[in-house]
There are 2 protein chains.
Amino acid sequence: MKPETDARITDTRKKILDLAEALMLSRGFNAFSYQHISAELGVRNAAIHYHFPKKSDLGVALIERYCRRFERFTQAQAELSPSEQLEQYFELADRYFGQQQICPSGILSAELQTLPDDMRQQTQAFVALMRGWAADIVRRGRDVGVMHYPGSAEGMGDVVFAAMQGALQLARFDQQALQSVKLQIRQLLGCQ
Amino acid sequence: MKPETDARITDTRKKILDLAEALMLSRGFNAFSYQHISAELGVRNAAIHYHFPKKSDLGVALIERYCRRFERFTQAQAELSPSEQLEQYFELADRYFGQQQICPSGILSAELQTLPDDMRQQTQAFVALMRGWAADIVRRGRDVGVMHYPGSAEGMGDVVFAAMQGALQLARFDQQALQSVKLQIRQLLGCQ
DNA sequence: GACACCTTACTGACCAGTAAGTAGAGTCGC
DNA sequence: GCGACTCTACTTACTGGTCAGTAAGGTGTC
C-alpha cells in the first residue's frame, strides 16, 4: 500500500496514446480500432471515447506528441556534430525497425487521402519538421567540412529523409535493406 | 450495329482492375471497398464478387498485373542506356504523381501487416523486381562509366528505390519534393 | 455535491461475402 | 430451324461482423 506501488503515474490517457502509437506504426491509422486499444487496456470502448471523443482527436494528439518529442529530440542533440546527429537519426529508424514499425511520416503520408482534415494539417507540420531537420544536418555537415555532396542541402536532405522513410518500408521484406541504405547514405555523404 | 461499335472489348473485369488500381494507389488497399468500384461502374456489388470472390483475389490480381506490366516495361527498354532507363523510371514516378497517387510498393509495404497472406507474398515478389531493376541500372551505369558513386550497386539501387518511393509520399505535401529528389539523385550519380 | 473517470447499452453506417434467381447468348441434337 | 440445355455475367436480397460514436447511469475522491 505504498503510494509508489499503486501506479497512479501511468494514467489511462497516456496508455491509450502509447498503444495507439504502436498500432498506428505497425498497422496504420485506418487499420486499428478503439476495440484494439480497449481490449489490450482492459477497459471498455467508451473509456477511450471519454479521453478522445473522435478518432481524429486521438490521431491529432498522437501527431502533436510526435512534434513535441521530435523538437525535444533535436534540441537535445543541438550540440552534437552533424555526423553524430545523422547517426542518432539512424538509431531512431533502428528502433522503429526493431518493433516491426515504420516511420510515422511514412504511414501518415501513405494514408493521407483518407485522413480527416485536422490530422492532415498536423501531419504536414510534422513532415516539415523532419524534412527541415534532415536538410539542417547535411547543410551543417557540409559547412564544417565533414560531409560532401553535389547540389543543394535541401535536395540532399530530401533524399536522406525520403530514402530512410522508404528504407523502413523496404525493411519489412528484407531485414538488411535498412543497413544497406544507411551504409550507402554515409558513403554518399563521405562521412566515415 | 457495327460489331466494332458495341464495345465488347472493354469487359467489366478489366474496368474493375483499373478502378481498383486507381483507388489503391490513392487511398490504399484497406481504404477502398467494393462499393466504391461498383458505384463508379454502374453495377451491383455482387458483380465485383463474381469476378473477384474475395477482396484478396482482387488484390493479388492487381499485383500480378503490376509484375507483368513492370517486366514488359523493363524488357521494352533493355536497349536503352542506363541514364535513359533512369529517366524512364523518373517519368513513371511523374505519372503517379500527376494522378495524386503513390508508388504501389509504397502503399503495399505501408499496409503490409494488415494484408492477407497471398497478397503479402505477391507484394514481396513485386518489390524484389523493382529493387533488382534499380540495382541493375546503377550497376550498368557504373560499368559503362556514366554513373559514379561509392559503395555497392545494390546499396545505391536501394537508395534510389527507397528515395523515389519516399519522394512520392513526400510530394503529397510539397509538389516540388519529387523534382528535388530526382535532381539530387542525378547529381549523386554524376549523370547530367 | 461536484467532478473525473469510467460503465452498460445502444444506434446507424459500412463492410465482405453468400445464396438463389435470371436474362441473354451460344451450342447441340434432331 | 427449333426446342432443350448450358454457360457467362450479372441481379436482388440477405447475413453477420466491425466500426465510430452517443446517451445515460454509476462510483470513488476531494
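Letters A, B, ... mirror the listed sequences (proteins, then strands); counts begin at 1.
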Worksheet item: Should A/Arg139 and A/Asp143 count as an ion pair when the cut-off is N to O under 4.0 Å?
Response: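 Salt bridge: no.
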Worksheet item: Less than 4.0 Å between a side-chain N and a carboxylate O, is that true for B/Glu87 and B/Arg186?
Response: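 Salt bridge present between B/Arg186 and B/Glu87.
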Atom-pair distance ([atom1] on [X]; [atom2] on [N]), nearest Å:
X       : N      : atom1 : atom2 : value
A/His36 : D/dA20 : NE2   : P     : 9 Å
A/Ile37 : D/dG21 : CD1   : P     : 12 Å
A/Tyr50 : D/dT27 : OH    : P     : 17 Å
B/Lys55 : C/dC14 : NZ    : P     : 15 Å
A/Ile48 : D/dT18 : CD1   : P     : 17 Å
A/Asn45 : D/dG21 : CG    : C1'   : 9 Å
A/Lys15 : C/dC5  : NZ    : P     : 14 Å
A/Arg44 : D/dG25 : CZ    : C1'   : 15 Å

Practice prompt. For residues A/Phe161 and A/Trp133, establish whether the separation of their ring centroids is below 6.0 Å.
Written response: no
Worksheet item: With respect to the side chain of B/Gln35, which nucleotide from D/dA20, C/dC14, C/dC6 is positioned closest?
Response: C/dC14
Worksheet, complete the sentence: Closest to the side chain of A/Ala47, out of D/dT11, C/dC6, C/dC15, is C/dC6
Compile the donor-acceptor pairs under 3.5 Å between side chains in residues 106-119 of chain A and protein atoms, sequence neighbours left out, one pair per line.
| from | atom 1 | to | atom 2 | distance (Å) |
| --- | --- | --- | --- | --- |
| A/Ser109 | OG | A/Ser105 | O | 2.6 |
| A/Ser109 | OG | A/Gly106 | O | 3.3 |
| A/Glu111 | OE1 | A/Phe29 | N | 2.7 |
| A/Glu111 | OE2 | A/Phe29 | N | 3.4 |
| A/Glu111 | OE2 | A/Asn30 | N | 3.2 |
| A/Glu111 | OE2 | A/Asn30 | ND2 | 3.4 |
| A/Gln113 | NE2 | B/Gln100 | O | 3.2 |
| A/Thr114 | OG1 | A/Asn30 | ND2 | 2.6 |
| A/Thr114 | OG1 | A/Glu111 | O | 2.9 |

Pairs under 3.5 angstrom only: tabulate donor-acceptor contacts from the side chains of residues 176-183 of chain A to other protein residues two or more places apart or in another chain.
| from | atom 1 | to | atom 2 | distance (Å) |
| --- | --- | --- | --- | --- |
| A/Ser180 | OG | B/Asp158 | OD2 | 3.0 |
| A/Lys182 | NZ | A/Asp94 | OD1 | 3.0 |
| A/Lys182 | NZ | A/Asp94 | OD2 | 2.8 |

Worksheet item: Between A/Glu84 and A/Gln77, does any side-chain donor sit less than 3.5 Å from a side-chain acceptor?
Response: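 Judged by distance alone, the side chains do not pair up.
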Could I get a table of every N or O pair under 3.5 Å where one atom is in the protein and the other is in nucleotides 19-22 of chain C?
none

Item to complete: Select base, sugar-phosphate, or nothing to describe what B/Phe52 touches, counting heavy atoms under 4.0 Å on all strands.
Response: nothing
